Number of protein chains: 2
Amino acid sequence: METDEFLKLENQLCFPLYAASRLVTKCYQPVLDEMGLTYPQYLVLLVLWEKDSVNLSVLSGKLQLQSNTLTPLLKRMQEMDLVNRVRSDQDERSIIISLTEKGQLLKSGVPEMQSRLANNIGITQEEGQVLHSLLYKLIENLKV
Amino acid sequence: METDEFLKLENQLCFPLYAASRLVTKCYQPVLDEMGLTYPQYLVLLVLWEKDSVNLSVLSGKLQLQSNTLTPLLKRMQEMDLVNRVRSDQDERSIIISLTEKGQLLKSGVPEMQSRLANNIGITQEEGQVLHSLLYKLIENLKV
DNA sequence: TACGATTATATCGTGTACGATACAAATGTA
DNA sequence: TACATTTGTATCGTACACGATATAATCGTA
């Protein structure tokens, strides 16, 4: 490739990552709107549905989001009565995030929602798996 | 896969996309900081270095960002003397974005910056190409 | 057991993103 | 040529992201 070719937007890896991420999020939006959730809030619920009652640093590690992003986000989710935020007894620096009943109940609607979305992204299951593993390879290399 | 498996964060495609995108951006940040740029501002420059003097709707289409994101972003870039924003003579609704001399000059430092970054993402060139084409397939399916 | 370092979270400021909406210029058409 | 429609940007409000910084609780260790 010519030197100049490397400067083209379309030849970058960073841009399609950025664009695809936002487009996929946008694709989720209408369905999430029905549940009154934003996309990062949905990700928090995915973590909690898998393992309830985790502290902020665990959530932070799983989502790769820092406390300055998660704290206000979780406060909003607390106001919506989706999660509880309680100081740990063992370590009073720690905040334990747990699901409320309302937060639990949202889980039941998600499989149907996911199947509705899965058919819309226009790639095969195999391509999805390749994409998945390459993205995780990237993530493992870049995080920390 | 069990129904519950689909609900795990790690089995989603949306999350690794979102996380990888942010991690790659963060990887660019130190180098962009030296140039005084944010990541979306760098993307705007990539478009303009390839083709100078485009109107906002073209930029909007290429970056898949709307006017409510681009307008304030471009105003900041104008204040930094990186771009000019001029109303078109032919169509007074249109805003033409062009590079200032300062914006032009930044281009020269980029190839070196890109090669510095390329070695850090930890995937092979072939994997990068596969990732690239899958992401574009996703983008083409999802946009509009 | 003092006390400096570390850890866990929160606060602040800046810059995106984006839905909803506004508005002026251009266009189509009766 | 009026005037409804469309097009191209801009404005407003809300919610992330994240660097820098603050603060309180805990830990390590001399």
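All values derive from a computational prediction rather than experimental measurement.
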Side chain to side chain contact (heavy atoms under 4.5 Å, CB included) filter on B:S133, not counting sequence neighbours, yields none

Near-strand residues of residues 25-37 of chain B, defined as heavy-atom separation under 4.0 angstrom from DNA chain C: none

Spell out, as yes or no, whether a donor-acceptor pair under 3.5 Å connects the side chain of A:D52 to the backbone of A:S98. no

Sequence neighbours left out, what passes salt bridge (charged side-chain N to carboxylate O under 4.0 Å, His left out) with B:K26? Give chain and number order. none

Residues touching DNA chain D, which here means a heavy atom under 4.0 Å, drawn from residues 46-82 of chain B: B:N55, B:L56, B:S57, B:S67, B:N68, B:T71, B:K75

Just the endpoints, please: which first and last nucleotides of DNA chain D, 5' to 3', lie under 4.0 Å from a heavy atom of chain B? D:dT7 to D:dG19

Among residues at least two apart in sequence or on other chains, which ones pass ring-ring contact (aromatic ring centres under 6.0 Å, His included) with B:F15? none

Pairs in or reaching into residues 60-81 of chain B: which pass side-chain hydrogen bond (donor to acceptor under 3.5 Å, both in side chains), with residues at least two apart or in two chains? B:Q78-B:R85

Where at least one partner belongs to residues 111-131 of chain A, residue pairs that pass salt bridge (Lys or Arg N to Asp or Glu O under 4.0 Å), sequence neighbours excluded: A:E34-A:R116, A:E112-A:R116, A:E127-B:K137

So the salt bridge (Lys or Arg N to Asp or Glu O under 4.0 Å) pairs with at least one residue in residues 92-109 of chain B (sequence neighbours excluded) are A:D4-B:K107, B:D91-B:R93

For the residue pair A:Y42 and A:Y28, categorise the inter-ring angle as parallel (less than 30°), tilted (30 to 60°) or perpendicular (more than 60°). tilted

Tell me, please, which residues at least two apart from B:E140 pass salt bridge (charged side-chain N to carboxylate O under 4.0 Å, His left out). B:K143

Please name all residues satisfying salt bridge (charged side-chain N to carboxylate O under 4.0 Å, His left out) with A:K51, sequence neighbours left out, ordered by chain then number. none

On DNA chain C, which is the earliest and which the latest nucleotide, 5' to 3', with an atom closer than 4.0 Å to a heavy atom of chain A? C:dT7 to C:dG19

Specify the closest pair of heavy atoms between A:S94 and A:N55, including all atoms of both residues, with the distance to one decimal. OG-ND2, 3.4 Å

Exactly one candidate in B:N141, B:L142, B:L138 meets side chain to side chain contact (heavy atoms under 4.5 Å, CB included) with A:C27; the answer is B:L142

